[in-house]
> 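First the structure, which I've put down as structure tokens, then a few questions once you've had a look.
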Amino acid sequence: MEKSDVKVLGSWPSPYAMRPRIALKIKSVDYEYIEEKLWEGKSELLLQSNPVYKKIPVLIHGDKPVCESLIIVQYIDETWSSGPSILPSDPYERAIARFWAAYLDEKWFPSIRGIGIAQGEDAKKAAIAQVEEGLSLLEEAFGKCSKGKAFFGGDEIGYLDIAFGSFLGWLRATEKLNGIKLLSEAKTPALVNWAERFCSNAAVKDVMPETDKLAEFGKMVIAKIRGAAAQAH
């Protein structure tokens with residue numbers, strides 16, 4: 001397949017935009033990456049490709065757009081089925097991986113964002129407690145899903161590794177910005193080791209943003225949110 005037949009519209013700070021890129025790398029599919037500078041406005045291509053949500057990432061395969069990061073990862077897994085499998089082959093294990101991926105997107109990552117935008121110490125402590133509770137649950141889930149192997153997906157990176165691992169950059173940036181440690185050897189030793197393996201994996205290391213760069217971007221976003229909240233009062 002020609003490289004230009006597969007395109008990914010993304011934005012470097014977005015954890016969601018990392019997911020299709022990791023999946024394509026696992027499948028050894030060449031693609032064209034198109035960086036969307038969302039803070040300058042959305043491109044015509046993005047608005048045409050995702051008219052419903054108007055969000056990145058979008059995978060364009062030939063002339064067919066596929067939207068929403070986890071749906072894109074599933075599409076990649078099914079389309080390039082000759083490469084290593086991303087989703088588990090067992091239906092129950094597939095369901096468990098999808099369950100935890102949905103939990104990460106709907107409940108856990110919003111708590112990470114909550115730490116940054118919390119107004120006051122009590123609100124920040126509550127957000128940190130939510131994140132830590134989630135990490136404790138995920139530590140337990142890792143033991144069950146990995147069955148003693150390196151990743152949630154077993155010997156290689158799988159669906160849940162991609163779903164969770166894409167948030168590690170923002171987890172580290174949040175730790176840096178707030179002077180806290182969320183992933184720790186004391187509380188989540190298995191996840192600490194998994195995170196190191198994930199970030200150094202060949203499919204990941206070129207698309208994982210630097211912690212310092214994300215932290216600087218995070219400062220700018222938090223300042224904008226707080227500025228907007230102040231104007232609203």
Side-chain angles (χ1 to χ4, degrees), residues 8-22 33-43 46 50 53-58 68-70 72 101-136 138 161-184 187-188 191-192 194-196 198-201 204-233:
V8 175
L9 308 187
S11 182
W12 72 265
S14 168
Y16 307 105
M18 278 181 64
R19 292 170 171 176
R21 300 181 75 188
I22 295 168
Y33 176 68
I34 300 168
E35 177 73 19
E36 288 278 335
K37 294 184 174 67
L38 298 175
W39 45 94
E40 293 176 10
K42 297 177 182 183
S43 73
L46 173 59
N50 190 358
Y53 288 112
K54 302 178 177 65
K55 291 194 303 191
I56 52 112
V58 179
E68 294 296 284
S69 65
L70 292 175
I72 296 170
Y103 167 79
L104 283 157
D105 279 8
E106 292 163 19
K107 192 168 171 75
W108 186 77
F109 190 59
S111 300
I112 287 269
R113 281 203 300 254
I115 294 173
I117 59 173
Q119 302 280 356
E121 280 306 306
D122 288 348
K124 184 173 278 194
K125 276 181 188 166
I128 290 170
Q130 276 190 316
V131 170
E132 288 178 336
E133 183 192 347
L135 289 172
S136 170
L138 288 157
D161 295 286
I162 295 172
F164 187 12
S166 60
F167 291 134
L168 287 172
W170 277 109
L171 181 68
R172 288 169 173 172
T174 302
E175 289 178 330
K176 185 180 173 70
L177 284 170
N178 295 278
I180 53 175
K181 202 80 188 138
L182 297 165
L183 264 190
S184 69
K187 292 181 181 173
T188 53
L191 287 183
V192 167
W194 162 79
E196 283 179 15
F198 180 84
C199 291
S200 61
N201 188 276
V204 176
K205 58 186 181 184
D206 292 340
V207 295
M208 178 67 73
E210 293 170 23
T211 303
D212 289 352
K213 196 176 171 191
L214 270 183
E216 283 305 312
F217 184 80
K219 271 188 205 168
M220 185 180 80
V221 172
I222 291 163
K224 275 190 176 176
I225 291 169
R226 288 190 173 150
Q231 282 179 347
H233 288 295

> Report the C-alpha separation of Tyr53 and Val58 in whole Å, then their side-chain angles, then the decisive distance to 0.1 Å, and conclude whether the side-chain contact (heavy atoms from CB on, under 4.5 Å) test is met.
CA-CA 11 Å; Tyr53 288 112; Val58 179; over 6 Å; no
> Determine the minimum heavy-atom distance between Tyr33 and Ser11, stating which atoms define it.
OH-N, 3.2 Å
> Side chains of Met220 and Pro13: closer than 4.5 Å at any heavy-atom pair?
no
> Please output the side-chain donor-acceptor pairs of residues 207-214 that fall under 3.5 Å, not counting sequence neighbours, one pair per line with the distance.
| from | atom 1 | to | atom 2 | distance (Å) |
| --- | --- | --- | --- | --- |
| Asp212 | OD1 | Lys176 | NZ | 3.2 |

> Carefully, step by step, assess Phe167 and Thr174 under the rule side-chain contact (heavy atoms from CB on, under 4.5 Å).
CA-CA 11 Å; Phe167 291 134; Thr174 302; over 6 Å; no
> Taking the side chain as every heavy atom from C-beta outward, state whether Trp194 and Phe164 have any atom pair closer than 4.5 Å.
yes
> Compare all side-chain heavy atoms of Asn178 with those of Lys124 and state whether any distance is below 4.5 angstrom.
yes
> Not counting sequence neighbours, which residues clear side chain to side chain contact (heavy atoms under 4.5 Å, CB included) with Glu36? List them please.
Leu9, Leu38, Ser43, Leu46, Ile56
> Of all residues at least two apart in sequence or in a different chain, which pass the side chain to side chain donor-acceptor pair (under 3.5 Å) check with Asn201?
none
> Write down the atom of Ile72, the atom of Pro57, and the distance for their closest heavy-atom approach.
CD1-O, 3.6 Å
> Angle between ring planes, Trp12 versus Phe217, binned at 30° and 60°: parallel, tilted or perpendicular?
perpendicular
> Under the side chain to side chain contact (heavy atoms under 4.5 Å, CB included) test, which residues partner Lys125, sequence neighbours left out?
none
> Show the numbers, then the answer: is there a salt bridge (charged side-chain N to carboxylate O under 4.0 Å, His left out) between Glu216 and Lys219?
CA-CA 5 Å; Glu216 283 305 312; Lys219 271 188 205 168; 3.3 Å; yes
> Please list, one pair per line, the donor and acceptor atoms closer than 3.5 Å that link side chains of residues 108-117 to other protein atoms, with sequence neighbours excluded.
| from | atom 1 | to | atom 2 | distance (Å) |
| --- | --- | --- | --- | --- |
| Trp108 | NE1 | Val131 | O | 3.1 |
| Ser111 | OG | Lys107 | O | 3.1 |
| Ser111 | OG | Gln130 | OE1 | 3.3 |

> Suppose we screen for side chain to side chain contact (heavy atoms under 4.5 Å, CB included). Which residues come up paired with Val192, at least two apart in sequence or across chains?
Leu183, Glu185, Thr188, Glu196
> Do other residues, nucleotides or ligands put more than 12 heavy atoms under 6.0 Å from the CD atom of Glu35?
yes
